[in-house]
Each structure stands twice: as structure tokens, then as C-alpha cells.
K.L.:
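Once you've had a glance at the structure underneath, I'll fire off some questions.
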Amino acid sequence: MTERYNIKDCEAKWRAKWTETDCFKATETSDREKYYVLEMFPYPSGRIHVGHVRNYTLGDVVARYRRASGYNVLRPMGWDAFGLPAENAAIERGVHPAKWTISNTTEMREQLKSMGLAIDWDREITTCTPEYYRHEQKMFLDFLKRGIAYRKESVVNWDPVDNTVLANEQVVDGKGWRTGAPVERKSLNQWFLKITDYADDLLEGLETLDRWPEKVRTMQSNWIGKSEGLHLTLDIAGSDETLKIYTTRPDTIFGASFAAIAADHPLAKKLAGDKDGFGEFIKQCQATGTSEAAIEQAEKLGFDTGYTVQHPFLSDVQLPLYIANFILMDYGTGAIYGVPAHDQRDFDFAKKYDLPIKQVISPPAYANSDIPEHPVEEQHAMQEAYSGTGTLINSDFLNGLEIDAAKAEIIKRCEAMNIGEGTTQYRLRDWGISRQRYWGCPIPIIYCDDCGAVPVPEDQLPVTLPEDISFDKPGNPLEHHPRWKHTTCPTCSNPARRETDTFDTFFESSWYQFRYCDPHNETLPVGKDKADYWMPNGGGVDQYIGGVEHAVLHLLYARFFTRAMKTCGYVNCEEPFKGLFTQGMVTHETYQDANGKWLFPSEYEQLSDQSSAKVGPSIKMSKSKKNVIDPEDILGTYGADAARLFILSDSPPERDLEWTESGIEGAWKFVNKLHRMITQHIESLPPINAPEPSDLSAGAKDIRSAAHKAIIGVAKSIDDFAMNKAVAQIRELSNTISSFSPQTESDHWALRQSFEILIKIFNPVMPHLAEELWSQLGHETLLTNEPWPVADESLLTTDTITIGVQVNGKMRAKIDIAPDANEDTARAAALEQENVVRAIDGKAIRKFIYVPGKIVNVVAG
RNA sequence: GCGGGUGUGGCGGAAUGGUAGACGCUGCAGACUUAAAAUCUGUUGUCCGUAUGGGCGUGGGGGUUCAAGUCCCCCCACCCGCACCA
């Protein structure tokens with residue numbers, strides 16, 4: 001009689017053993033190849049959630065598998081510890097942000113540890129400590145020297161609820177990403193990082209990231225939004241003003257029939273401010289601004305200023321100048337010329353205001369036809385703009401050129417005439433890093449009335465946050481602090497003020513990947529030798545894992561920051577994350593009672609009458625809908641291995657995972673089944689390293705063969721990040737082994753071999769159980785330090801396989817045949833099948849297809 | 001609107017152009033048990049048939065092929081991102 005598996009004690013025992021032997025400690029002195037596994041570090045909110053469990057389980061499988069496969073693995077963990085929730089807690093509960101944050105990390109560290117993660121905890125970092133943030137202050141000063149950081153007055157997005165500045169990326173549909181409050185515009189002096197200087201490099205770098213999801217690369221590429229075009233200055237008839245427009249289609253200039261400026265363009269009011277209906281029109285434009293545009297599909301509207309601009313190449317053509325609602329002030333110059341024939345928006349606009357539509361690009365279809373030129377009458381019959389390739393027509397000196405050649409030619413002419421220049425435009429803007437918050441890294445700058453903004457001298461770093469602060473008043477406590485901001489100017493020693501803004505918290509997460517390489521370095525963010533070992537030039541984090549919600553912001557900032565660090569000589573690496581995997585969300589059904597009140601899953605389970613409640617679709621877990629599962633409950637009830645197993649089963653990691661009670665129970669049952677299956681045989685197994693018997697039975701050969709195939713299969717699945725398939729193969733092997741009933745001593749020998757392989761290949765998924773069974777099988781070593789098993793090639797092939805026999809493409813029978821049997825053998829075997837004979841029905845065999853190991857197809861008729 | 005993705009049993013999902021539905025969940029039947037739980041065995045796409053067997057079946061419609069979930073063309077639905085970017 002075998003004892004029941006005591007999950008709780010057993011798992012704790014092995015975790016203690018790993019800690020004791022320090023087996024996950026990473027060092028730079030290894031002759032093994034390095035492998036750096038990193039998961040996005042958590043914000044210490046207080047408790048881990050199921051998304052963390054998924055994230056860190058995925059990383060753990062990779063880390064443990066790579067370790068076993070012979071790599072020197074670095075797998076660290078830390079805390080993204082600055083941020084607003086700490087201040088909110090301070091305001092709501094009067095607890096100091098530092099205290100709140102640190103106690104949260106204490107709790108969450110225990111929770112993470114209870115998952116049994118293969119982490120080198122000696123490298124733990126906490127970004128809110130001066131030991132961490134002093135280095136980013138230093139780097140900021142270096143950026144300043146190099147012109148990567150600068151200060152400018154700018155209109156910012158102001159969140160009136162959080163009382164803070166938001167980055168453009170943090171504004172969603174005109175509302176703050178966290179609060180949902182409508183964003184206000186406010187002018188402040190802000191610090192910026194010149195990410196735009198790296199725009200091209202960041203764009204080109206994407207092409208080297210072949211182990212990133214295509215989707216993320218596309219998103220970043222769109223975000224950078226590079227376009228090449230022409231800045232062109234046009235004269236406004238009857239005015240001293242000139243109009244600077246931007247176009248990406250300078251080749252179509254001879255097709256221009258109007259010009260248009262944005263409603264908030266400085267010239268709009270100047271030229272048309274006194275006209276009837278102007279104010280009303282502007283108001284209308286602002287109303288259709290942000291999100292409603294989506295709903296109404298915004299009709300193109302214009303307001304005629306009454307002015308015209310002179311066409312630069314056609315002296316008899318004056319283009320009417322409109323104010324138009326579809327022109328954006330913050331892109332390009334906020335002014336365009338409209339070419340209705342070749343831009344759909346311009347086309348819609350021209351139709352509405354009855355402006356000429358003049359075609360200047362002839363599609364390739366016409367080039368090969370007898371019609372030398374696109375007939376004029378068809379131009380008016382156009383139903384939509386043509387934006388495809390073609391040849392220039394109706395365009396004077398551009399006629400006959402292809403689009404690209406025409407672009408180059410017109411830019412050359414404009415530059416020669418001194419009326420324009422070719423330019424590259426980006427959607428990407430510089431990264432505003434100032435935040436009016438307490439709980440962030442202080443910006444090491446002192447303002448002096450005489451000397452201006454003076455960097456804090458390096459020997460005075462770090463500038464630390466004052467601890468005695470109060471959140472009684474709204475706004476930034478650093479502003480209100482009685483002493484902190486008052487200091488003296490490092491240059492002239494007169495009284496001066498400290499910068500009270502702190503860094504955007506994306507600052508900390510932009511370089512933490514380096515800090516893990518050398519977390520205790522007091523003088524540098526990272527020692528160059530350590531950085532070069534783990535993140536060399538051309539290399540980086542080998543596998544980064546996290547949520548797709550960081551596809552643009554965090555990942556773009558970190559790529560930029562890494563380049564900036566390289567520019568300043570800190571590191572040699574350019575791309576911080578060579579491999580990226582973005583996991584899906586964890587979802588759960590939602591429950592509402594008869595009154596529409598949301599219920600926790602546990603509340604629903606306990607309802608006396610479940611039919612009175614409404615069960616909703618499985619959606620992303622959120623506190624507001626109460627469809628959340630507390631990992632601590634799961635870990636406490638089912639153990640870490642079962643939780644890890646379930647979260648890897650079924651759903652491919654990149655897709656959403658539906659959390660179900662039956663699923664976690666199924667996983668738990670399998671953990672117990674494995675334990676039972678192996679322990680019940682332990683007494684009868686031969687000793688470790690017993691010699692291979694010569695008389696293996698067919699059944700014994702089968703399980704060995706299955707085990708060795710699984711070695712290859714599971715490894716490949718983990719390599720491919722198909723953890724669900726790895727789990728399926730583990731279960732398959734376990735099914736095969738458990739249906740084998742050993743009779744002889746040699747059967748038991750095969751059983752031991754298969755057990756050991758099974759344990760080793762499920763170790764990355766269920767490491768506690770694996771250690772336990774490994775030890776029960778009599779091993780003194782830690783399984784964690786054992787290598788991945790090597791598959792014996794000779795055991796991967798089988799004597800016979802089953803293949804299908806089709807008649808005219810329809811499956812009619814199956815035959816057992818040697819994988820390399822010749823065609824005659826296959827033909828004989830196939831035509832012997834009763835079903836095949838019946839299906840052929842006496843017809844002539846016109847063709848016999850035999851793909852060895854795959855299929856037979858008899859074509860009859 | 002543009003870009004990307006997904007679509008396979010009751011459900012999650014497998015399937016280098018070659019036995020569609022691996023593996024699991026659920027359900028059903030049975031064994032064990034005084035009983036329940038746990039465990040074990042069988043079964044579980046659908047329709048016709050007592051059955052050997054056969055028809056249908058991977059969002060829809062065409063095509064290529066001896067053979068298509070997979071490749072090509074057209075269409076539909078849903079999800080994600082960007083959203084008037086000149």
C-alpha cells in the first residue's frame with residue numbers, strides 16, 4: 001500500500017532543499033553557454049494574480065529546461081516598485097508609500113517562492129531603493145551631457161484626477177489610461193528624452209528581431225510611423241503670410257486642386273477669424289475631435305477662407321485655401337495641398353465642395369493598352385481615389401516618370417527653387433519623463449535664478465526622497481515639503497530649488513534587464529564585463545516573457561534606453577531582448593445574482609439555487625467583475641505543481657487561457673496519479689544503473705521506445721513554446737507506461753528506465769513532484785542538477801507502423817507495415833483488405849500511390 | 001477605414017499536403033464500496049444501420065492535387081492594434 005502524496009509538505013521540503021543548496025545561483029564563471037531568461041517584473045501591488053502565475057510558470061519551464069539542456073542560466077526577479085498605487089494607498093490609508101511597497105514585496109516574494117520558481121534571489125532588485133535609482137540619476141546626467149535629455153516648455157496632457165502629466169501613449173480616446181478622466185491641456189516645463197534621434201535605428205532594429213512576434217514588431221513600426229515627403233512653402237495671394245505644407249506625395253503636385261489647414265493652425269484665425277460662421281465651424285471641428293470621430297465616421301468638412309495659394313509650377317492655377325476638419329495640427333505642418341484624384345480624403349472633400357479632380361497618375365493597366373493616356377472623361381467618372389502605382393501624366397516635366405522618380409525630381413526642383421525640401425517625418429515624439437509625483441526617482445537637477453537648471457554634481461548623488469512627507473494637500477508632496485526642495489546652487493552657492501518632478505516609472509523598467517547582470521555594483525548601473533557576458537553586443541536577454549499590453553510603451557522605451565546607454569558607453573548591447581514571447585490573458589466566467597450584483601466564483605459555487613444567477617462569458621479577470629481567482633488559494637489547495645500544470649495545459653501560451661475549476665482539479669488528479677503510478681512499483685524496481693537485460697519483452701520495448709520519443713517531442717514543444725503540447729506528450733507517455741503490466745525482472749528494468757525519463761521530462765512543469773520521485777527512486781542527487789535525457793536513436797524507430805489505405809482519396813482500411821516496406825509489399829497488403837477490394841469494386845487500378853510510412857492511395861475507375 | 005490575428009466535437013485544443021479530432025475537460029455506462037468520495041475500465045463529432053459498414057463533417061463558396069483543416073482565389077464572422085498621419 002502506497003502512501004498518499006502529501007503535496008504541501010513535500011513541495012515545501014524540496015523548495016527548502018533548493019534554497020539550501022543555492023542551486024539557482026547564476027555565475028559568470030562557467031564554461032557553459034549563457035542563457036538569460038527574463039519575465040517582466042511585477043508591480044508590488046500586494047498579491048500576485050493569476051496572470052503572474054502564468055507569466056512566471058512559462059519562464060520557469062524555459063529556465064529549468066535550458067538549465068537541463070546545458071546552459072548557464074540567469075533567471076532573476078525584482079520589483080517595479082515606484083508608481084501611483086503606493087501614493088493612493090498613502091492617501092487612502094495613511095501608510096507611507098515606502099512602507100506599503102516594501103511590505104508588499106515581502107508578501108509577494110513569499111507567494112512567488114511558493115510557486116517553486118528557479119530564481120536566483122540573490123539578484124533581486126527593488127527599483128524604489130537608492131541603490132537602484134542612483135544609477136539612473138547618473139545616467140540621466142550623462143544623457144543631458146550628450147543631448148539625449150533636454151528640457152522644454154510644452155503643452156502636456158494633464159490628468160485632473162491623478163494630478164499628473166500623462167505621456168501621449170497614456171491617453172486613450174482623450175482620457176487618462178488609469179483614471180478614465182478627460183485629459184486637460186496644460187503648459188509646463190518638462191524633461192524629455194530624445195527618442196526621436198533613434199527613430200530610424202529603432203525601426204531598422206526591428207528587422208533583426210526575428211524571435212519577436214510579428215504583431216509586436218508591426219505595432220512598434222506603426223508607432224514610430226516613418227514617412228518621407230516634402231515640406232513646401234506656398235505664397236498666399238493677397239497676404240504677407242506663407243503657408244508651409246507637408247506631403248508624402250510630392251509627385252502628385254500637378255493634381256492639386258485645393259489647400260487646407262487644421263482648425264487650430266495659427267493661420268486659421270488670422271485669415272478667416274472675422275468671417276461669418278468661423279467660430280461655429282471651429283467649435284464643430286473640436287467636437288468631432290477624438291472618439292466621436294469613430295462613431296460618426298466623420299464627414300469631411302471645410303471652411304473657405306476666401307484666400308488662395310499660388311501653385312508653384314502652374315502660374316495660372318490658384319488653389320482655394322480651406323480650413324478642414326480632417327487636418328491634424330500635430331502631424332506634419334498642419335497644412336496640406338489636396339489631390340482629390342489620388343487621396344481618398346481629398347477625393348471626398350472635392351466631391352462635397354465641387355473642386356476639380358485632376359488625374360496625374362496613370363495606372364499600369366493603361367501603360368500596356370492602346371490608349372496613350374487615361375481619357376479625360378473617365379477622370380470625372382472616378383468613384384474613388386487611385387493610390388496605386390503608375391506613370392505620371394498631365395504633369396508637365398514629370399510626365400512619363402514613375403512615382404518614385406517623380407518624387408525625387410520634384411523635391412530636387414523645389415530645393416533648387418528654394419521653396420521646399422525633402423524631409424522625413426515621424427509619428428513618434430520625444431519621451432516626456434517628468435511626473436509631478438512623490439513616489440518616483442527624483443530628477444537630479446537644481447534650479448538657480450542665476451545659473452538656470454544645474455545638474456546635481458555626481459558626488460552628491462543620489463538625490464534621495466525625503467521620508468517625512470504628507471499627502472494632506474493635493475498635488476506633489478515634494479512641492480509642499482518644508483525643506484527638501486530648498487538647497488544651494490552647486491555652481492554659485494546661492495539659494496536654489498530642487499527639481500520636484502520625478503521620473504516616469506517606465507524609466508526604471510527601461511534598464512532593469514542590465515541591473516540583474518550585476519545587481520550589487522555600487523559604482524555603475526552594470527559592470528561592463530558582466531553586461532558583456534549576459535548581454536553582449538549582438539545579444540541580449542535570450543528569452544523575455546510578458547504581456548502584450550507592453551508591446552509599444554515599455555518595449556520601445558527599453559530598446560531606446562539600451563541604445564542611449566550604449567551611446568554613453570555603459571554597455572555594448574543594442575537590442576535588450578533578442579527573443580520575446582507575449583502571453584495571453586487569463587479569463588474566467590462571470591457571475592451575477594438575480595439583482596445583477598457581481599459574484600465571486602466561490603460565492604456562485606455556494607449558492608443554493610444556481611439557476612437564479614446569470615453566468616456570463618469568460619472574460620479577462622478583473623476585480624470589478626469579481627471573476628478573479630486568488631493564486632494563494634490555488635497554491636494552498638492544490639499545490640504549486642498542479643497550478644503550474646493546469647496553467648500550461650490546454651491553451652497555447654500566446655492565447656487566452658480560461659480558468660476553470662474542473663481544469664485545476666484535473667491537473668491535481670494527474671499530479672497524484674503520477675505519484676501513485678511510480679511509487680506503487682518502487683519496491684520491485686531494479687537498482688539504479690542495473691545493466692540492460694538482453695531479453696526485453698515487446699511491451700518493455702514499447703514503453704522504452706515511447707519514452708525516448710517523448711524526450712524528443714517534449715523538448716521540441718518547449719523549444720517552440722508549445723507548452724500545452726509538451727503537457728499532452730507527458731500525459732501520453734504516462735498513459736502508455738501505466739497500461740503496461742510488468743511481469744519479469746527485465747520488464748521492471750524497462751519500467752525504471754521509462755520512469756526516470758518521464759520524471760526528467762516533466763520536471764520543468766512539476767519540479768517538486770519530480771524531485772520527490774527522483775529521490776524515491778533512490779537517487780541522492782538533486783534532479784534540478786541533472787541533464788536532460790538523451791534519446792537513443794535506435795529506440796526511436798519501430799518495426800511496424802499503421803498507415804491508412806485510401807481508395808480514390810477515401811479512407812477504407814488500415815494496414816500494419818514496416819515503415820520502409822517497398823511498394824510491392826504495400827500493394828499486396830493493401831489489396832488484401834476486404835474493404836479495399838469492395839471499394840475498388842472490380843474497377844481497373846489506374847494508379848497506385850504509396851508514400852512509405854504515410855499512406856496508400858488506390859486510384860481506381 | 002487601414003494593419004495583424006483567429007475560426008476544427010458539448011468545451012479547451014492536436015494534426016512536416018498523407019489515418020481529422022492527439023491530450024485533456026465534461027457527459028454516459030460499468031467495476032470497487034453498506035454508501036459516498038477517491039480510484040479503475042469502457043464509451044463520448046454527427047446521421048443511417050442490430051451489425052460488418054456507409055453518408056456527412058475543420059466559418060461559407062470556388063480552385064490546384066492521387067490526396068486539402070493545411071496551398072491559391074473570393075466572401076463572412078469574431079478578436080486585437082492604429083484610427084482622418086497628408
Side-chain angles (χ1 to χ4, degrees), chain A residues 4 173 213-223 225-227 229-230 245-250 252 260 262 288-291 293-294 297-300 324-328 330-339 342-346 348-349 425-427 548-549 551-552 584 618 645-646 649-652 654-658 660-667 669-670 672-673 676 722 724-735 738-739 801-815 834-835 838-839 846-851 853-860:
Chain A
R4 203 182 158 78
D173 282 344
E214 187 65 41
K215 177 181 166 170
V216 176
R217 289 194 286 169
T218 306
M219 282 166 74
Q220 292 215 349
S221 169
N222 290 342
W223 194 264
K226 181 178 182 172
S227 70
L230 171 71
I245 64 100
Y246 175 69
T247 180
T248 55
R249 293 297 303 273
T252 62
T288 48
T290 50
S291 61
Q297 271 305 348
E299 189 191 1
K300 309 275 174 286
N325 68 343
F326 64 98
I327 309 300
L328 305 175
D330 53 8
Y331 186 80
T333 59
I336 60 144
Y337 65 62
V339 184
H342 303 292
D343 182 288
Q344 191 58 41
R345 291 157 307 175
D346 298 347
D348 296 342
F349 192 79
Q425 188 81 36
Y426 297 92
R427 184 183 175 279
V548 74
E549 65 272 19
V552 177
S618 196
L645 174 66
F646 169 59
S649 304
D650 298 349
S651 292
E654 68 277 13
R655 281 201 224 168
D656 287 354
L657 167 77
E658 187 179 352
T660 60
E661 194 64 19
S662 55
I664 180 70
E665 268 175 19
K669 283 180 192 171
F670 185 58
N672 285 292
K673 182 182 163 177
R676 200 182 320 115
N724 57 323
K725 285 197 266 172
V727 169
Q729 288 164 102
I730 288 163
R731 296 188 94 122
E732 210 169 354
L733 176 59
S734 138
N735 289 346
S738 77
S739 58
I801 53 163
T802 307
I803 66 170
V805 180
Q806 299 179 334
V807 177
N808 291 334
K810 280 195 181 267
M811 199 58 60
R812 294 300 175 186
K814 290 168 189 177
I815 53 173
E834 225 177 281
N835 240 16
R838 189 177 331 142
R846 293 193 318 193
K847 206 167 176 184
F848 184 86
I849 290 149
Y850 168 56
V851 183
K854 301 280 188 191
I855 200 88
V856 166
N857 192 2
V858 183
V859 185

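Just so it is clear: chains get the letters A, B, ... in the order the sequence lines come, proteins before strands, and each one is counted from 1.
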K.L.:
Please give, in whole Å, the distance from B:G4 P to A:N222 CG?
P.N.:
10 Å
K.L.:
Sugar-phosphate atoms are those with a prime plus P, OP1 and OP2; base atoms are the rest. Using that split, label each nucleotide of nucleotides 19-24 of chain B B, S or - for protein heavy atoms under 4.0 Å, 5' to 3'.
P.N.:
BS-BSS
K.L.:
Please name the pair of heavy atoms, one in A:D656 and one in A:S651, separated by the smallest distance, quoted to 0.1 Å.
P.N.:
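Closest approach of A:D656 to A:S651: O-OG, 3.5 Å.
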K.L.:
By nearest nucleotide on RNA chain B, pick out whichever of A:L657 and A:E665 is the more 5' one.
P.N.:
A:L657
K.L.:
Report the C-alpha distance between A:Y331 and A:I336 in whole Å, list the side-chain angles of each, state the deciding distance to 0.1 Å, and finish with yes or no for side-chain contact (heavy atoms from CB on, under 4.5 Å).
P.N.:
CA-CA 11 Å; A:Y331 186 80; A:I336 60 144; over 6 Å; no
K.L.:
Write down the partner of B:U16 under the Watson-Crick or G-U wobble criteria, each distance required to be under 3.5 Å.
P.N.:
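Base-paired to nothing in any strand shown.
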K.L.:
Quantified in whole Å, what is the P atom distance between nucleotide B:G61 and nucleotide B:A77?
P.N.:
16 Å
K.L.:
Taking all atoms of both residues into account, what is the closest heavy-atom pair of A:V856 and A:I815, and its distance?
P.N.:
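In terms of heavy atoms, the two residues are closest at CG2-CD1, 4.4 Å.
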K.L.:
Decide yes or no on side-chain contact (heavy atoms from CB on, under 4.5 Å) for A:I855 and A:M811, but give the supporting numbers first.
P.N.:
CA-CA 10 Å; A:I855 200 88; A:M811 199 58 60; 4.0 Å; yes
K.L.:
Would you check if the side chain of A:N857 reaches a backbone N or O of A:G809 as a donor-acceptor pair within less than 3.5 Å?
P.N.:
yes
K.L.:
Would you classify A:I327 as touching base, sugar-phosphate or nothing, given that sugar-phosphate means primed atoms plus P, OP1 and OP2, and contacts are heavy atoms under 4.0 Å?
P.N.:
base
K.L.:
I'd like a table of donor-acceptor pairs (distance under 3.5 Å, sequence neighbours excluded) in which one partner is a side-chain atom from residues 725-734 of chain A, with atom names and distances.
P.N.:
from, atom 1, to, atom 2, distance (Å)
A:Q729, NE2, A:G713, O, 3.4
A:Q729, NE2, A:S717, OG, 2.7
A:Q729, NE2, A:K725, O, 2.9

K.L.:
Please give, in whole Å, the distance from B:G54 C1' to A:E834 CD?
P.N.:
15 Å
K.L.:
Tell me whether the OP1 or OP2 atom of B:G13 has a side-chain N or O from A:R655 closer than 4.0 Å.
P.N.:
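Answer is yes, contact under 4.0 Å.
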K.L.:
Taking CD from A:E658 and P from B:U6, how many angstroms apart are they, rounded to a whole number?
P.N.:
20 Å
K.L.:
Would you mind reading off the distance between A:Q344 atom CD and B:C2 atom C1', rounded to a whole angstrom?
P.N.:
13 Å
K.L.:
For A:V856 and for A:R427, find the nucleotide of RNA chain B with the closest heavy atom, then tell me which residue's nucleotide is more 5'.
P.N.:
A:V856
K.L.:
Is there a side-chain contact between A:R812 and A:V858 in this structure, where contact means two heavy atoms from C-beta onward sitting under 4.5 Å apart?
P.N.:
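They are not in contact (no side-chain heavy atoms under 4.5 Å apart), so the answer is no.
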K.L.:
I'd like the C1' distance from B:G59 over to B:U65, given in whole Å.
P.N.:
23 Å
K.L.:
How long is the line joining CZ of A:R249 and C1' of B:A86, in whole Å?
P.N.:
11 Å
K.L.:
Return the pairing partner of B:G42 with a 3.5 Å limit on both distances, Watson-Crick or G-U wobble; otherwise return none.
P.N.:
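B:G42 is paired, partner B:C28.
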K.L.:
Between B:U6 atom C1' and A:E214 atom CD, what is the distance in whole Å?
P.N.:
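It works out to 16 Å between those atoms.
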K.L.:
With respect to the phosphate group of B:A38, does any side-chain polar atom (N or O) of A:R676 fall under 4.0 Å of OP1 or OP2?
P.N.:
no
K.L.:
If every non-hydrogen atom of A:F646 is compared with every non-hydrogen atom of A:E658, which pair is closest and at what distance?
P.N.:
CZ-O, 3.7 Å
K.L.:
Would you mind pulling out the nucleotide paired to B:G7, Watson-Crick or G-U wobble, both distances under 3.5 Å?
P.N.:
B:C76
K.L.:
State the pairing partner of B:G1; accept Watson-Crick or G-U wobble contacts with both distances under 3.5 Å, and report none otherwise.
P.N.:
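Matched B:G1 with B:C82 under the 3.5 Å cut-off.
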K.L.:
Suppose you measure atom P in B:A37 against the same atom in B:C32; what distance do you get, rounded to whole Å?
P.N.:
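Rounded to whole Å, the distance is 15 Å.
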K.L.:
Could you tell me how far B:A14 sits from B:G21 if I compare only their P atoms? Round to whole Å.
P.N.:
15 Å
K.L.:
May I ask you to verify if any side-chain N or O of A:K810 is less than 4.0 angstrom from the OP1 or OP2 atom of B:A68?
P.N.:
no
K.L.:
Is B:G9 in the syn or the anti form, by the rule that syn lies within 90° of 0?
P.N.:
syn
K.L.:
Expressed as a whole number of Å, how far does the C1' atom of B:G30 sit from that of B:C23?
P.N.:
24 Å
K.L.:
Which listed nucleotide (B:A86, B:G53, B:C80) is nearest to the side chain of A:R838?
P.N.:
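The answer is B:G53, which lies nearest to the side chain.
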K.L.:
Rounded to whole angstroms, how far apart are CG on A:N672 and P on B:A38?
P.N.:
12 Å
K.L.:
With a 4.0 Å cutoff (strictly under), does any side-chain N or O of A:R345 reach OP1 or OP2 of B:C85?
P.N.:
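Indeed, a polar side-chain atom of A:R345 lies that close.
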K.L.:
Expressed as a whole number of Å, how far does the P atom of B:U8 sit from that of B:C79?
P.N.:
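Roughly 15 Å separates the two P atoms.
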K.L.:
With a cut-off of less than 4.0 Å, is there a side-chain N or O of A:R812 near OP1 or OP2 of B:G54?
P.N.:
yes
K.L.:
If you look at every strand shown and take non-hydrogen atoms under 4.0 Å, does A:V851 touch a base, only sugar-phosphate, or nothing?
P.N.:
base
K.L.:
Tell me if a side-chain donor or acceptor on A:D650 pairs with a main-chain N or O of A:N724 at a distance below 3.5 Å.
P.N.:
no
K.L.:
Answer yes or no: is there a donor N or O on one side and an acceptor on the other, between the side chain of A:T218 and the main chain of A:E214, under 3.5 Å?
P.N.:
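Looks like yes, one N/O pair under 3.5 Å.
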K.L.:
So, does A:Y331 get its side chain near the phosphate of B:A86, meaning an N or O under 4.0 Å from OP1 or OP2?
P.N.:
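A:Y331 to B:A86 OP1/OP2: side-chain N or O found under 4.0 Å.
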K.L.:
Between B:A86 and B:G5, how far is it from one C1' atom to the other, in whole Å?
P.N.:
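The same atom, C1', in both gives a distance of 29 Å.
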K.L.:
Would you mind reading off the distance between A:N808 atom CG and B:C66 atom C1', rounded to a whole angstrom?
P.N.:
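After rounding, the gap between these two atoms is 9 Å.
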K.L.:
For nucleotides B:G55 and B:G18, find the distance between their P atoms and express it as a whole number of Å.
P.N.:
22 Å
